[in-house]
Amino acid sequence: MFEQKNVGIKRNVKKVCYLCILYIIHKKMRKFTYIACFVMLIATLVTSCGRKVVIENYAIIPQPAEMTIEKGSYTLSSSTRCYAGGVGQNDQSVKYIFAHLRQWHFNPILTGTRETNSLQLIINETPDNDLGDEGYTIDINKDGIVIAANTERGLFYGFQTFVQMLPEDISEVRYSKIQLPFCQIRDYPQYAWRGSHLDVSRHFFGVSQVKKHLDLMAQYKMNKFHWHLTDDHGWRIEISKYPLLNDIGSWRVDRDDQPWGEADAPREGEERSNGGYYTKAEIEEIVNYAAERYIDVIPEIDFPGHCCAVLEAYPQLACAGDDTTYTVQYGPYWPPRAILCAGNDSVMLFLKDIMDEIIPLFPCNYIHIGGDEAVKENWERCPRCKKRMKELKLNDYEQLQGWMVVEMENYLKGQGKKIIGWDEILDGGVSADATVMSWRGSEGGIKASQHGNDVIMTPLDYCYLNFYQANADFQPPAMPNSLVTLHKVYSFDPVAGMRTESQKKHVLGAQCNLWTEYINTPEMAEYMLLPRLCAMSEVLWSPIQNRQWEDFRSRVSRHRIRLEANDYRIGASSFKPWVTYEKNAEGATIATLHWEIEGTNIYYHTGDGNFKRYTGPFEVAKGSVITTISFYNGMLKEKAYELNVEK
Ligand code: ACM
Ligand code: ZN
């Protein structure tokens, strides 16, 4: 869909072919067939040995903290020797790195001694304190390439950067020589929590798709996979003690051919063919795969709301007097009234039993206990819930949820685990040890950090990648009336609104969330994630003062090529421009237009109806309206759009 521009490489093989063809035409030799064979032979020889390429500049996402390019270049060749110092060749990061180099037909020959003209992977003998556990340095000079770090994790991230210094199509094309500009990088992350969430309840994604998601995260140095395993639309993890969670709760009738929200209700006896769940063996496989990529997996078991799948399987866990027949089905449940009874002792026992099966599967010290959007109407009518309230001397039903959260927190604490909950858990009162995931905006996170709670920011207006990324008229269906553009994600500051340093210190980081009501294929999931996940990775890794939109936009163009070469689908970002103003020396207002995709052509007028092509900043009268339309590759990509000039 997008032009492959600015690839940053020169292909010498093309030159050989062009020269040969010119030679044939010029001489008009009769023995054309012989010459053609000769040309083909040369081309075959050249390609089988691998191409040579000159990298002209680097496009790294997330942008390293410090990076300088110097004059000169070092040529990495398929026979470059490789030295791993302070780390064995069977150690995790080195195994990963060597496997990738081999996949690209590089043959890392391990040398026992540190030598020049090699690729060196070094664990620092004396730790470089600024780099911490995740930072690294890369030095490319006449003597070779050195990737160094304090830890294997740091080496792994150094390698991810190094991969992005190689040609975009390295996974598809065999290269024998890659000429890399001299370069020095010192890099380390801004935030410890660099998360990506995937909802596998609304639509189920299989093991290989989850692994591909983890690969994407690793590439962009993201390290927390928040796995939303349970919700109204399907229970997705094997639980031995409660088999109906899987036999009933993991399946629904297939309505993927109908719009979400307008689907026919399930009919009596209709086959439930849509869904699935991960067996414990599969969970283990995914958790290990993630660990090889230095990613922690955080399971979410959402309670007390979002529990239709539980209540269809075990209706006895609903409130007394709730005679709703709950069914796992396609489409929204709104308002989400299904709720586990807080007055029924069996409910807490059930939840603790589930945690007993979850805990051994997930080594990460966090478990997400959900807590969002629990409508309490059924609690208000339930004699058991009322009795519990009275016994505990609670003032309201939010505190009743708070009691459940603290019960679970204490239970998990006893097993060495900490809880994370959506920001609603603040409404019922939480302990200072709970981590709050702020999603309804940033306010929950700000409030939690004031109380001394750790916070993960994921405000929906910056971080919900299930929202439209561009004008809905040009996009496949997504959450109605929603918009989170690439530029919006890139403008996110996880500590915005935090007044004190101590508040900011409680912000562990942030994450992007992919809810999958409208996302029913892995391709669509990638389309929604990319390129916005690239922006989130830079928000979380790179120093905020290094962020430069135009530069990022141009790096994203290069990453589109790289990602497509690795079989990822990438969304068509927004073609809607925005405007900034400056005053010139004479005091006139000068408008500059900005947009998301390189190569977009913007046409505009300021009231006379005569559209002209935007070529650069222009003077504009205060109070006027700039009307724009956007084209890409000659196709209309954004309809007439009005930008109001400030008065
Ligand atoms: C949420 O989006 N309900 C956390
Ligand atoms: Zn109840």
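Numbering of ligands and ligand atoms starts at 1, following listing order.
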**Study point:** Lys/Arg cation over aromatic Tyr641: Lys576, 6.0 Å, 45° cone
**Key:**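 Yes, a cation-pi geometry holds between Lys576 and Tyr641.
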
Review point. Can the positive tip of Arg337 be found less than 6.0 Å from the middle of the six-membered ring of Tyr333, inside 45° of the ring normal?
Key: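 No, Arg337 does not sit over the ring of Tyr333.
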
Ligand 1 N/O within reach of [X] N/O, cut-off under 3.5 Å:
| X | answer |
| --- | --- |
| Tyr464 | yes |
| Trp439 | no |
| Asp372 | yes |

Point to revise | Close side-chain approach of Met457 to Phe492, heavy-atom, < 4.5 Å | key: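 Yes, side chains in contact.
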
Practice item. Determine whether the side chains of Lys280 and Ser240 contain a donor N or O and an acceptor N or O closer than 3.5 Å. Key: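 Yes, Ser240 and Lys280 have a side-chain donor paired with an acceptor closer than 3.5 Å.
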
Review point. Does a donor on one side chain and an acceptor on the other come within less than 3.5 Å for Tyr568 and Asp215?
Key: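 No, Asp215 and Tyr568 have no side-chain donor paired with an acceptor closer than 3.5 Å.
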
Check your understanding: How open is the angle at the Zn ion (ligand 2) from atom SG of Cys382 over to atom SG of Cys385, rounded to 10 degrees?
Key ->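 Approximately 110° at the metal, rounded to tens of degrees.
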
Exercise for review: State, to the nearest 10 degrees, the angle whose vertex is the Zn ion (ligand 2) and whose arms point to SG of Cys319 and SG of Cys341.
Suggested key: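 Result: 110°, to 10°.
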
Practice item. Provide the closest heavy-atom pair for Pro299 versus Leu229 in the form atom of the first, atom of the second, distance. Key: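 Closest heavy-atom pair between Pro299 and Leu229: CB-CD1, 3.9 Å.
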
**Study point:** Atoms in ligand 1 with a heavy atom of Glu373 nearer than 4.0 Å
**Key:**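 Near Glu373, meaning under 4.0 Å from one of its heavy atoms, ligand 1 has 3 (N).
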
Exercise for review: Number the atoms of ligand 1 from 1 as they appear, then name those within less than 4.0 Å of a heavy atom of Trp515, with their elements.
Suggested key: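 Reading through ligand 1 atom by atom, the close ones are 1 (C), 2 (O), 4 (C).
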
